[in-house]
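The structure under discussion appears below in the form of structure tokens.
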Amino acid sequence: MKIQISTAQAVMLLVLSRMFRTVTYSPMFEDLTEASAIVYADIISIFVTLIIILPLFILLRNGQDDILLESTKCSRKLGKVVMVYYFLLIMLVLINTTSRFEAFMSNAIFPNISSLTVIISFLLVCLYGAKMGFEAISRASSILFVIFIISLIFIFGFSFEKMHLVNLKPIIDKPISTVYELVVHNISHNMEFVLLVLFLPKVKGTFSKITLWYIFISGIFITLVGSITVLILGDFTLNQIFPFFSIASIMEGGTIQRMDSIHMALWVLISYVRVTLCLILANEVLRKITGAKNKNGKELIVIVGITAIVSYFITLDYDSIKWIPNIVNTFVPIFIATFVIPIILLIFRRKNKNEIKKVNDNN
Amino acid sequence: MFDFMKKMSYKSRILNTEKRQDDLISLENKLRKSLTDNLIILRNKCDNTTDLNIREINISGIDVAMIIMEGMVNLQVLATMVLDKILLKDFGDNISNEDIYDYIEKETLTAADLKDSYEFDEVFKFLMSGFVVFLIDGIDRAIVMGAQGFSFRSISEPSSEVNEKGSREGFTEPLRINMTMVRRRIKDPRLKFELMSVGSISKTDICLVYMTNAVSKKLLREIRHKLTQTDLEVVLTSGYLQPFLESKTATLFSDVGFTERPDTLCAKIQEGRVAIMVDGTPFSLIVPYLFTENFQSIDDYAHKPYYATFIRSIKYVSFIMSILLPGMYVAIGTFHPELFPDSLLFNIVSAQETTPFPLVLEALVIHFMYEIMREAGLRLPRPVGHAVSIVGALVIGDASVTAGLVGSPMVLVVALTAISSFVVPSLHEAISVLRFAFIVIGGTLGLYGIALGGAVVLTNACALQAFGVPYLTSIAPFSIFSMRDVFVRRSFKVLQKQTMNIKDLNGVNIDKGEE
């Protein structure tokens, strides 16, 4: 049976996945001087993202929604290269998310917990989620999405008094370059387009519809989270490891004194959605690359194993293995996935069309 | 080519042999013309069981045998409707075997269930179901007549689905009586009962109940197929069939529902579901069954909508509490005490100071004790069961706090959890196991573990899908249409506008590929 999820479910899945990066955003490691730049960059990123994915729009507008199939049709070699590239990219996202999640847990929640415990317990649960399948995780994400909105409303409501508009200052020092860097940073972490391109054949909806809704909703949430953070913390945002989590810590909600742990639980679920989705897609792409026919889940176990090992080594020494986050931060991977590959495929498609036309004319 | 021909010839030989064997079995199973032979075979097949009652009569020189299973037949009906008429009738001398057969069949028996039977197996099946069988010498067929008269529990209030304002009638054990209870409530020709038999030894009668206008044909076909695949020897309760109808995903939840109430069953089949009634049990199965249905009761429709909505919200909260409260308490108390307000934290800490065990162990022990007491109370006779509850609540609970084994907040948490779990009784199996799991996870990994456990449970429930119907449908996939009767219960003015059918819900693909 072909799995099919609705457009709404796909959008919620992507937004939740995107939110992982937003709630665990850590400006401490960036060379930022003005916290307000985060808010401006969030807004500008929405429009720039629309431009970046234009080739994908053109490529997928005719309902040819399987980019891997499309690339294999163009050329078998190109198909393999595209598959391998997407697989590596998902693995990159997987490892980056898992190591970041571990950093979040061991820095903000349990300072004394062993990295291995966090990584193994987390990945085992994600492995179970991946085994349950794409439909299950998309349904689960639609429930979590509602809880996430409620949590945002809570944070917004309880911290409203602490927000100060004066914290939203104009950027004085190198405004354009500061915002530009943040925009690039934002877009380079918007890996959800890569995920969408891969699971698009399973969605009852067009690429354009899902993308527009995703950009719109995620844009609102990212801007909201960024604004709340900056309006409350001001320039202190730059000194916090996880500023949004700090807001949850200083919130006072009546009987319950602090809400950070409750929000932490929700953020664990968001990370779970992202990693599970990546596992499912990585497994599918790997199966296509290897041509595996048996669904015994061996590939999935291999992917989880690699993710666990690499993530663990990253957590041992962040500085020595900075190359993984650095690759993502360069903007190159997402640019190739959403711009270069679609353009190559469009050129091939055009070429094939011309050849067919020529043959028809000769006949 | 030669090999192929050889293989074909071998295959056809095997097929012929199998066919001959089948024919022989079939011939052996056929009733004979000689009454003596038939009775010998019957007795042999039953191994001369004590309750097989054979009464031989001679009518105008022709031997007739009346066969019943002791205690299964209404003897008064049998005497007045059949025996009196046969024994008092003067047949004369020139009567043939066929004349007697026709007389018994057409003139004496006025029972509704009447048919001819040609095989021993069929005769046995009818005998075991309380039918009377007439065999006549020289005729190789039998008359079977329904005159069931076995004793059974009378119709009473369902004990597992007590309600406030609805009907007090619950299903009882005999299938036919349960069928009449449904028929009395839906006087529509589109209500259909479909009898089947399961269990190679028990040959238990089961009955599919559905509305022909509402049910999906594909769903029916799949249910029939799954039921015929049940390779069971004995089917004693509907629970035997449940695993064959459930989805393949390993889960603590069940996508097959139970009901003891004819009114609930009628409401469900009206929505396009199929009910399966099993002879010998008052519990009928309902397929497919959704998660949200665990929170609905027939009383919701007797109360005013606002009150029904209020009760439903209480049920949802109770369900979450009954699973998560002890685990959360342990997790917060052990890893995140900063979440408690100062005064509450002080009370909890001072209670903990007096106990020697860690919070997680305390929770596990007291919940384990609670489960023992619940099980004991359930299995024991009612008066003794009450005594167990008193001993459990007053003696063990109070004494353990006084003795300093358990903190008093923990007793409160257990009491609250236990009462919450009674609010949704249909989910008590899942609740009991998950509660323990969350205590262990909460005690080892804190709220992080609870979140991970929650993710597993949520994904598992989301993955469930029986007969193309997602278990969590209405919530995920979200269905605005069915929301009128999920978290809120709208008034009948709204509900009557369009009847809900399970196959029309969002994300349901029962009829996918069906023309």
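Labels below follow one simple rule: chain letters A, B, ... track the order of the sequence lines, proteins then strands, and each chain is numbered from 1. Hydrogens, waters and symmetry mates are skipped; everything else that's a heavy atom, side chains included, is used.
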To the nearest 0.5 Å, tell me how far [X] [atom1] sits from [Y] [atom2].
X	Y	atom1	atom2	value
A:Glu135	B:Gln465	CD	CD	5.5 Å
B:Tyr448	A:Met105	OH	CE	5.5 Å
A:Met132	B:Asn460	CE	CG	6.0 Å

Exercise for the section: Kindly write out the residues that satisfy salt bridge (Lys or Arg N to Asp or Glu O under 4.0 Å) with B:Arg489, not counting sequence neighbours, or none if the list is empty. Expected result: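 Testing B:Arg489 for salt bridge (Lys or Arg N to Asp or Glu O under 4.0 Å), a comparison that skips the adjacent residues, returns none.
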Handout entry: chain A contact residues among residues 470-479 of chain B, heavy-atom distance under 4.5 Å
Key =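 Checking residues 470-479 of chain B against chain A gives B:Pro470, B:Leu472, B:Ile475, B:Ala476, B:Pro477.
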Got more than 12 heavy atoms from elsewhere within 6.0 Å of [atom1], [X]?
X	atom1	result
B:Arg490	CZ	no
A:Glu161	CD	no
B:Phe487	CZ	yes
A:Lys204	NZ	yes

Problem - chain B neighbours within residues 119-129 of chain A, where any heavy atom lies under 4.5 Å away - result: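 Within residues 119-129 of chain A, the residues that come under 4.5 Å of chain B (heavy atoms only) are A:Ser121, A:Phe122, A:Val125, A:Tyr128, A:Gly129.
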Exercise for the section: Mind ranking B:Leu345, B:Leu344, B:Leu458, B:Thr249 by heavy-atom pairs under 4.5 Å with chain A and telling me who comes out on top? Expected result: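 The answer is B:Leu458.
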Problem - Best-contacting candidate, A:Ser138, A:Ala140, A:Ser6, against chain B by heavy atom pairs under 4.5 angstrom - result: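 Ranked by contacts with chain B, first place is A:Ala140.
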Using distance only, find each side-chain donor-acceptor pair of residues 267-279 of chain A under 3.5 Å and give its atom names and separation, not counting sequence neighbours.
from	atom 1	to	atom 2	distance (Å)
A:Ser271	OG	A:Trp267	O	2.6
A:Tyr272	OH	B:Thr459	OG1	2.4
A:Arg274	NE	A:Ser17	O	3.2
A:Arg274	NE	A:Ser17	OG	3.4
A:Arg274	NE	A:Glu192	OE2	3.1
A:Arg274	NH1	A:Thr97	OG1	3.1
A:Arg274	NH2	A:Glu192	OE2	3.0
A:Thr276	OG1	A:Tyr272	O	2.6

